[in-house]
Asks: 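Structure below; questions to follow.
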Amino acid sequence: MKARKIGEGIYWMGAVDWDRRLFDSLIPLPDGTSYNAYLIQGSEKTVLVDTVDPSMVDVLLFQLENVQDIDYIIAHHAEQDHSGAIPHVLEKYGDAKVLTTPKGKGMLVDLLLIPEERFVTVEDGETLSLGNKTLKFIHTPWVHWPETMVTYLREDHILITCDFFGSHLATTDLYVTDEARVYEAAKRYYAEIMMPFRKVIQKNLEKIAEHEIGLIAPSHGPIYDRPPFIIDAYRDWVSEDPKNIVVVPYASMHGSTQKMVEYLVSALAERGVTVHQFDLSVTDIGKLAIALVDAATIVIGTPTVHVGPHPLVFYAAHLANALRPKLKFASIIGSYGWSSRAIEQIAGLIPNLQVEILNPVLCRGFPREADFQALDSLAATIAEKHKEHNLA
Ligand code: FEO
């Protein structure tokens with residue numbers, strides 16, 4: 001795709017990766033992604049903001065074919081899907097410098113072996129004049145690495161944010177046209193990548209709020225020409241209050257745990273609680289992460305394998321612990337054949353979750369009447385706890 005103009009002397013560049021289906025050998029990309037770079041030509045200086053994944057460097061070099069000079073390559077973030085093509089751009093533009101945060105410099109030296117003399121570092125709030133345009137660099141750490149920053153184009157009211165506000169979405173739409181579709185993609189992105197840093201992001205949102213913003217231009221997915229759409233969504237996601245939602249990730253080998261899950265889900269629904277049920281043997285972990293953004297309670301369902309939880313449950317519990325959602329309550333249900341230490345082992349996997357553990361329900365073999373009563377009791381407790389916390 002060719003470069004596309006988004007303002008006077010400001011161009012979208014980059015590559016749309018329609019077919020990529022996995023990121024970091026971990027994160028599903030059902031809708032592909034894009035690596036957005038931006039070229040800003042001022043009256044005196046020209047900058048390239050971020051680059052592309054190294055697998056698509058040819059696309060960026062083609063877009064830069066008629067660009068004679070670049071003074072700075074701004075590196076908002078050292079991760080290779082944005083920085084990976086920097087060495088190629090530095091080779092093409094021998095006088096260009098990489099402009100980044102002090103932490104970003106160290107990481108780019110380590111990750112891409114760029115010589116130290118090719119760097120200029122900027123402190124939080126520092127500005128750079130391109131002649132008729134002024135760039136302000138705002139440090140926004142932990143979205144989602146420690147070195148991250150964003151750039152505000154003062155005269156044009158454009159905020160270029162790299163991963164912050166991004167969405168893994170391959171599209172020819174330069175701007176958001178389908179808000180519902182972008183909302184889901186951006187929430188998936190937040191859930192998988194940003195959620196562990198929720199509290200820092202709250203501060204970063206306040207930091208950017210003092211600027212008049214007409215466009216938010218991220219490095220994944222379309223540009224936001226209605227910035228409140230994504231800023232308000234982020235405010236909701238990072239807020240302290242969960243919603244009246246229970247997430248039930250589970251595995252079942254012979255149907256006993258499945259029966260318990262189905263019974264509990266029905267009992268919760270009868271009590272007005274929204275439930276998201278995930279059979280981990282077929283679950284897209286991005287969908288599970290999205291559900292965890294707003295949930296107040298997680299109930300993990302597991303059969304017993306060699307005395308402990310099913311390996312898929314280990315994985316899901318580890319993931320939930322790493323993502324640090326704003327859960328308030330947790331419980332465990334499941335079945336065993338002769339003995340089980342599943343409860344202790346799962347509880348040990350989620351130390352980061354600041355949750356109250358509600359009475360687990362474990363049964364020997366297939367659930368019987370007493371087990372269903374215990375599940376009813378668990379559902380009643382969850383509904384009551386949610387009411388006590390005024391969760392809507
Ligand atoms: Fe899109 Fe953290 O890289």
Side-chain angles (χ1 to χ4, degrees), residues 1-17 34-101 104-105 108-109 111-122 126-138 149-162 172 174-175 214-220 222-223:
M1 203 174 300
K2 292 180 181 169
R4 301 169 79 178
K5 186 173 178 178
I6 62 169
E8 211 42 58
I10 307 167
Y11 299 87
W12 170 91
M13 289 193 170
V16 180
D17 201 342
S34 66
Y35 319 107
N36 306 333
Y38 298 93
L39 184 78
I40 307 169
Q41 294 178 310
S43 55
E44 291 170 15
K45 288 187 168 67
T46 297
V47 301
L48 179 67
V49 184
D50 294 314
T51 64
V52 296
D53 190 86
S55 62
M56 304 195 100
V57 64
D58 290 350
V59 178
L60 181 64
L61 291 177
F62 167 73
Q63 291 162 342
L64 290 170
E65 217 166 54
N66 297 319
V67 177
Q68 298 306 317
D69 295 303
I70 285 180
D71 296 281
Y72 298 101
I73 304 158
I74 296 171
H76 284 138
H77 177 28
E79 194 166 8
Q80 290 89 333
D81 53 327
H82 310 294
S83 69
I86 289 176
H88 299 270
V89 180
L90 285 175
E91 195 178 320
K92 177 173 163 71
Y93 300 97
D95 294 327
K97 299 270 191 196
V98 180
L99 188 152
T100 187
T101 60
K105 175 182 171 183
L108 288 165
V109 168
L111 294 172
L112 300 173
L113 310 181
I114 298 170
E116 296 215 15
E117 62 271 18
R118 298 296 302 263
F119 285 91
V120 174
T121 61
V122 286
E126 212 172 313
T127 58
L128 173 73
S129 173
L130 306 183
N132 60 343
K133 293 183 187 296
T134 314
L135 309 187
K136 179 182 174 188
F137 306 106
I138 306 166
M149 70 169 183
V150 301
T151 296
Y152 180 61
L153 279 64
R154 191 174 275 163
E155 292 78 6
D156 300 279
H157 303 144
I158 298 175
L159 189 70
I160 304 180
T161 57
C162 200
T172 53
L174 189 54
Y175 300 99
L215 288 181
I216 289 181
S219 284
H220 296 293
I223 296 169

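From a predicted model like this one, the values you see are computed outputs, not experimental measurements.
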Asks: Could you walk me through whether Trp12 and Tyr38 pass side chain to side chain contact (heavy atoms under 4.5 Å, CB included), step by step?
Replies: CA-CA 5 Å; Trp12 170 91; Tyr38 298 93; 3.8 Å; yes
Asks: For Cys162, is there any backbone N or O sitting under 3.5 Å from a side-chain donor or acceptor partner on Asp50?
Replies: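 No; zero donor-acceptor contacts below 3.5 Å.
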Asks: Roughly how far apart are Thr151 OG1 and Lys136 NZ, rounded to 0.5 Å?
Replies: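 These two atoms lie 11.5 Å from each other.
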Asks: Which value, rounded to the nearest 0.5 Å, describes the distance between Ile223 atom CD1 and Thr161 atom OG1?
Replies: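 Here the rounded value is 10.0 Å.
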Asks: Could you report the tightest heavy-atom contact between His82 and Ser219, atom names first, then the distance?
Replies: CE1-CB, 3.4 Å
Asks: Grab the two heavy atoms, one from Ile138 and one from Tyr152, that are nearest each other, plus how far apart they are.
Replies: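 Closest approach of Ile138 to Tyr152, heavy atoms only: CD1-CB, 4.1 Å.
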Asks: Check the pair Phe137 / Ile74 against side chain to side chain contact (heavy atoms under 4.5 Å, CB included), numbers first and verdict last.
Replies: CA-CA 10 Å; Phe137 306 106; Ile74 296 171; 3.7 Å; yes
Asks: Parallel, tilted or perpendicular, judged at 30° and 60°: which one describes the rings of His220 and Tyr35?
Replies: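 Taking Tyr35 first and then His220, their aromatic rings stand perpendicular (interplane angle over 60°).
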Asks: At their closest point, which heavy atom of Ala85 faces which heavy atom of Val57, and how far apart are they?
Replies: CB-CG2, 3.7 Å
Asks: Check whether any side-chain N or O of Thr134 sits under 3.5 Å from a backbone N or O of Arg154 as a donor-acceptor pair, and report yes or no.
Replies: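 No; judged by distance alone, with no hydrogens or angles, the pair does not exist.
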Asks: Mind checking whether Thr172 and Val16 have side chains closer than 4.5 Å, heavy atoms only?
Replies: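 Of all side-chain heavy-atom pairs linking Val16 with Thr172, none is under 4.5 Å.
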Asks: Roughly how far, to the nearest 0.5 Å, is the CG atom of Asp69 from the NZ atom of Lys45?
Replies: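 So the gap between those two atoms works out to 11.5 Å.
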Asks: Verify, without hydrogens or angle tests, whether Lys97 (side chain) and Thr121 (backbone) share a donor-acceptor contact under 3.5 angstrom.
Replies: no
Asks: Out of the candidates Leu39, Asp156, Leu174, only one should pair with Ile6 under the side-chain contact (heavy atoms from CB on, under 4.5 Å) rule; please name it.
Replies: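 One option only clears the test, and that one is Leu174.
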Asks: What are the two closest non-hydrogen atoms of Phe119 and Ile114, and how far apart are they?
Replies: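 Taking Phe119 first and Ile114 second, the nearest heavy atoms are CE1-CG2, 3.5 Å.
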Asks: As an exercise, state the distance from CG of Leu128 to CG of Leu99, rounded to the nearest 0.5 Å.
Replies: 6.5 Å
Asks: Quickly, which of Thr127, Ile40, Ile160 forms a side-chain contact (heavy atoms from CB on, under 4.5 Å) with Leu135? Name it, please.
Replies: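 Running side-chain contact (heavy atoms from CB on, under 4.5 Å) over Thr127, Ile40, Ile160 with Leu135 returns exactly one hit, Ile40.
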Asks: Using modelled atom types only, decide if a donor and an acceptor are shared between the side chain of Asn132 and the backbone of Gly42 within a distance under 3.5 Å.
Replies: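 The answer is no, because no donor-acceptor pair under 3.5 Å joins these two groups.
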Asks: Apply the test side chain to side chain contact (heavy atoms under 4.5 Å, CB included) to residues Val122 and Met149: give CA-CA distance (whole Å), side-chain angles for both, the deciding distance (0.1 Å), then the verdict.
Replies: CA-CA 10 Å; Val122 286; Met149 70 169 183; 3.9 Å; yes
Asks: Would Gln41 and Lys133 satisfy side chain to side chain contact (heavy atoms under 4.5 Å, CB included), going step by step from the backbone distance to the final call?
Replies: CA-CA 9 Å; Gln41 294 178 310; Lys133 293 183 187 296; over 6 Å; no
Asks: How many angstroms lie between atom OG1 of Thr100 and atom NE2 of His77, to the nearest 0.5 angstrom?
Replies: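 Result: 10.5 Å between the selected atoms.
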Asks: Write down the atom of Gln63, the atom of Met1, and the distance for their closest heavy-atom approach.
Replies: NE2-O, 2.7 Å
Asks: If you take all heavy atoms of Leu60 and Gly14, which pair is closest and at what distance?
Replies: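 Here Leu60 and Gly14 meet closest at CD1-N, 4.5 Å.
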Asks: Quick one: CE on Met56 to CG on Asp17, what's the gap to the nearest 0.5 Å?
Replies: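 Rounded to the nearest 0.5 Å, the CE-CG separation comes to 4.5 Å.
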Asks: Do the side chains of Ser83 and Leu108 get nearer than 4.5 Å, heavy atoms only?
Replies: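 Yes; the side chains approach each other to less than 4.5 Å.
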